[in-house]
Amino acid sequence: MKVFLVLIVSCWLTDIWLFASEVPFDSVTVEPPSMAGEVLVRDKPNDTGGTLIIQWAISADDTAAGAGIDGYMVYRSKNVDGPYKLIRVLPSGSISFEDTGLDDGQAYYYRISSVKDQLESQIVAGGPAIPSGQWYHTKRTPILVLMILFCITAVVFIVKAKGGYTFYVRPIAGIDAVDEAIGRATEMGRPILYVPGLGTAADVATIAAFTILGRVARKVAEYNTRVICPNYDPVVMTVCQEVVKGAYSSVGKPDMYEPKDVFFITQDQFPYTAAVNGIILREKPATNFYMGMFYAESLVLAETGFIAGSIQIAGTDQLIQIPFFVCACDYVLMGEELYAASAYLSKEPQQLGTLKAQDWGKVVVVLLIIIGTVFSTVGWSWFSALFDIG
Amino acid sequence: MTTGQLILNGIAAFLTLCIFSFLYKDNPFYKFAERLVAGVATGYWTILLYHTNFTDKVIEPIFINGQYHYIIPAVLGIMMWTRFSRKWSWISRYPIAFYIGIGSGVSITVYLYTYLFKQLQATISTPLTLDLAGLNVLIIVIAVLSALIYFFFSSAHKGIFNVASRFGIYVIMIGFGAGFGLTVMGRVALLVQRIIFLRDYIVALFGG
Amino acid sequence: MRDFLEKMMLIDRRWIYLAIGLAVIIPAIKSFHVPVAVSPEVRKVYEFVDDAKPGEYIFLCFDYNPSTMAEMNPMAYAILNQAFNKDLKVILVTLDQFGAGMVEEIATRVAANHKKVLGEDYCFLGYRPYPAIVILAMGIDFRVPFPADYYGTPLDSMSVMQGIKNFYDVKGVIEITGGSTADFWIIYGNGRYDFPLALGLTGVMSADYYQYLQSGQIFGIIPGVKGAAEYETLVGFPGEGMAQMPYQVIAHIVILLFIIISNVAYFASRKKKGKLGGGV
């Protein structure tokens, strides 16, 4: 009872104080701002779920001609009767809000009010709406179409290549140098070093490196030279062993294959680099091939090879590393040239067909750039907007 | 600096000098430091994988929380180990196929979106105008087209095609030059950080 | 003169190492001030954090390890200082296997300076392997890859994580990296979930990421230690980035001199060979 009395008295005193502080005797009546317009709540399309979009028409006071407001208060509840929790205060001029982190399948109700000088307008209710995730992103249909077109093109070219059709692949300087470099090693009586990079057997660059290794190993077997292949990845090593063994068999010299020349070093970047450096300095190979994925070790290896006086041919799709190879190597297969070299040397229908399809893809991109730039320049922005599929 | 910090930083300073000694030539100090870092890194990585993968994704969900659907990826993981057996290594192809399938499915759409659509839109959405911004756009468009032509393999680079492809290779080389310049800055930063560390250590050791 | 140039062409690379080594010792003995001009791409990152209101969330991903900390640490310190100064809530994560210990040290040190409390003002989620998968999973809910933080505290029990589910609940992501995770954040983060993303990169990587700035896939770049120094200038927190600038200036002068001399020597030797060839 005592507590109750204290509460009543304190509330009364607080009221007097608030009244005294906020409303002077000669005050004018302060009107709350006009309320927001109709509130629309809907699930966010093309998302993973958990998000609703709340939109409302702007308050009559929230205009240049109006009295102005401080902002909008957004309330949310799981029940139509509440309780409603204030979730966000938005600045004036706002007309929508994305409410995230919601539970999929649960209905949500919203209330919006405008506010000025801490006075709230009447509320406007919206909802219910239920958030959900979508299985298919409708705006990204162009990607699906493009992918299907590319796959069809690739399959058509692969089938053609399998049927014996010979595709033209332009000469690439690095490829022509391969035979010359192997010949030089034979003349000098020194081995060839083949470094398949730091990639895994699933990387495209490493797969291309296997094909080029096959070609190199065949020539090496023909000329009775030796190829040393130190590996970073155990799976890559197994594949390299198979490739070299197959190459020796294909030229009728299976007994000459030396499994110890294709070996595993370590799966640590710089210890691997140090070991390969050691091989370059000790064995003094006439030719070094660096094919596959390379990182910071690229310059260290290529520079050591340069000091040792070897002819060096490198190929990688790691753009950052290409300048280092360009500096220290005699020939470099840059980016896609590595894949093209692989297709050119192997003559495999899958590789040739894909390379051809990629070229057609480039033709399409070139045309789109030319058309798009012309259209944008003459003010037809609808064309570039076609690519806005976010 | 406390005595403990002084000792620890002393070890770090010694190892830094060991690595720097390679600049003169390969030597036992460098080899020691290099093998030490390889060993420590491998040990740390193994324990980290155990705690962040094996404990969190296998032991806790299956044996503690009773989330038995985690058994499926665990079994797929175990199947990968059959690679070490010549007889059973074919089993490992199934989890690899599963992994590649999921990886491709997740990647292809976002790769096309990120690398093709967004880049294409950025290249074509700005109009060519008679000012510096327009010149910028023109340079970008010509550079992109010529670099694409350089990587076109289905026809010989002759005539106008040759001119465009030669321009393309110059564009690519300019890009490499920019990368090279920034690399110098990065490598100097690594050296400088070690120099500052050594200076601070010497000052702490002998007084400023 | 010609003999000197020919000698320069064949100079032992160890002399170059020695020259650079000696050159960078000069600022270690007597430092000097280097004025730093701020580039627009760095300013955009700064303004993004600066425009955030107190209590807003920012997601910081420090994906680097000791091998690149010389370039990355100054950025990490500057951004974290700015965020705590602005009373922002910070969610930290690392996707580099050797990064967790370093990030924890940085976060603890900066938070202590600003009297910020773990679990209330910021949280450090820790490390998980396979960056692409982790980023995709965080886009659904941070709790999928990280049910608990680095210290084992469940995310749901932290006040800072209440009502925070995924990237849509933070103002944006700033990724500071010395490796390939920048690609993962662009492809699987921005590409999949379309949130504002900025990158802090090593000098080696920077040139390759300006295309994403032009396409709007990232809103800012802090390139290498120079970018870090620019950021420190903006924040008013001169740290390791600014301290490195005198060394960078001296080292660059030495390297430029070597490049100029060796190029002159190269062209001079070509001219000489050409003359000889003509005479034979």
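Chain A is the first sequence line, chain B the second, and so forth, proteins listed ahead of strands; every chain is numbered from 1.
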Is it the case that over 12 heavy atoms from other parts of the model lie below 6.0 angstrom from the OH atom of B:Tyr99? no
Please give me the minimum heavy-atom distance between B:Met185 and C:Pro223, naming the atom from each residue. CE-O, 3.8 Å
Residues, nucleotides or ligands: over 12 heavy atoms within 6.0 Å of C:Phe32 CZ: yes
Should C:Tyr212 and B:Gln119 count as side-chain neighbours, where that means a heavy-atom distance under 4.5 Å? yes
Quick check: do B:Asp56 and C:Phe146 have side-chain heavy atoms less than 4.5 Å from each other? no
Against chain C, label B:Ser107 side chain, backbone, both or neither, depending on which of its atoms sit under 4.5 Å from a heavy atom there. both
Residues, nucleotides or ligands: over 12 heavy atoms within 6.0 Å of B:Ile72 CD1: no
Just wondering, more than 12 heavy atoms not from C:Tyr151 lying within 6.0 Å of its OH? yes
Surrounding OH of C:Tyr17 (heavy atoms of other residues, nucleotides or ligands, distance under 6.0 Å), is the total greater than 12? yes
To the nearest 0.5 Å, how far apart are CG in B:Leu182 and CE in C:Met205? 11.5 Å
How many angstroms lie between CD1 in B:Ile196 and CD in C:Gln244, if you round to the nearest 0.5 Å? 5.5 Å
Calculate, to the nearest 0.5 Å, the distance between atoms CG and CZ belonging to C:Asp208 and B:Phe176 respectively. 8.5 Å
Value rounded to 0.5 Å, distance of CG in B:Leu48 from OH in C:Tyr127: 5.5 Å
So which part of B:Leu191 gets closer than 4.5 Å to some heavy atom of chain C, the side chain, the backbone, both or neither? side chain
Per-residue contact mode, B:Ile140 against chain C (heavy atom under 4.5 angstrom): side chain
Counting only heavy atoms not in B:Arg93, do more than 12 sit closer than 6.0 Å to its CZ atom? no
Against chain B, label C:Ile133 side chain, backbone, both or neither, depending on which of its atoms sit under 4.5 Å from a heavy atom there. neither
Can you name the closest pair of heavy atoms from B:Leu23 and C:Arg14 and give their distance? O-CG, 3.2 Å
Counting heavy-atom pairs under 4.5 Å to chain B, which of C:Arg192, C:Lys226, C:Gln211 comes out on top? C:Gln211
Pair C:Val204, B:Arg187 - check side-chain contact (heavy atoms from CB on, under 4.5 Å), show working. CA-CA 8 Å; C:Val204 182; B:Arg187 299 292 183 248; 3.6 Å; yes
Crowding at CZ, B:Phe29 (>12 non-hydrogen neighbours, <6.0 Å): no
With the side chain counted from C-beta on, respond yes when B:Val188 and C:Ile255 share a heavy-atom pair under 4.5 Å apart, and no when they do not. yes
B:Thr52 and C:Pro129 have their tightest heavy-atom pair at OG1-CD, 3.6 Å
OH on B:Tyr115 to CD1 on C:Ile186, rounded to 0.5 Å: 6.5 Å
Heavy-atom closest contact (B:Lys57 atom, C:Val144 atom, distance): NZ-O, 3.8 Å
Taking everything shown except B:Trp45 itself, do over 12 heavy atoms lie less than 6.0 Å from its CH2? yes
Look at the side chain of C:Gln217 and the backbone N and O of B:Thr114, then say whether any donor-acceptor pair between them is shorter than 3.5 Å. yes
Proximal component of C:Ile187, with respect to chain B [non-hydrogen, under 4.5 Å]: both
Can you give me the closest heavy-atom contact between C:Glu71 and B:Ala189, atom names plus distance? CG-CB, 3.7 Å
So OG of C:Ser67 and CG of B:Leu190: to nearest 0.5 Å the spacing works out to 7.5 Å
Heavy-atom distance under 4.5 Å to chain C: side chain of B:Leu198, backbone, both or neither? neither
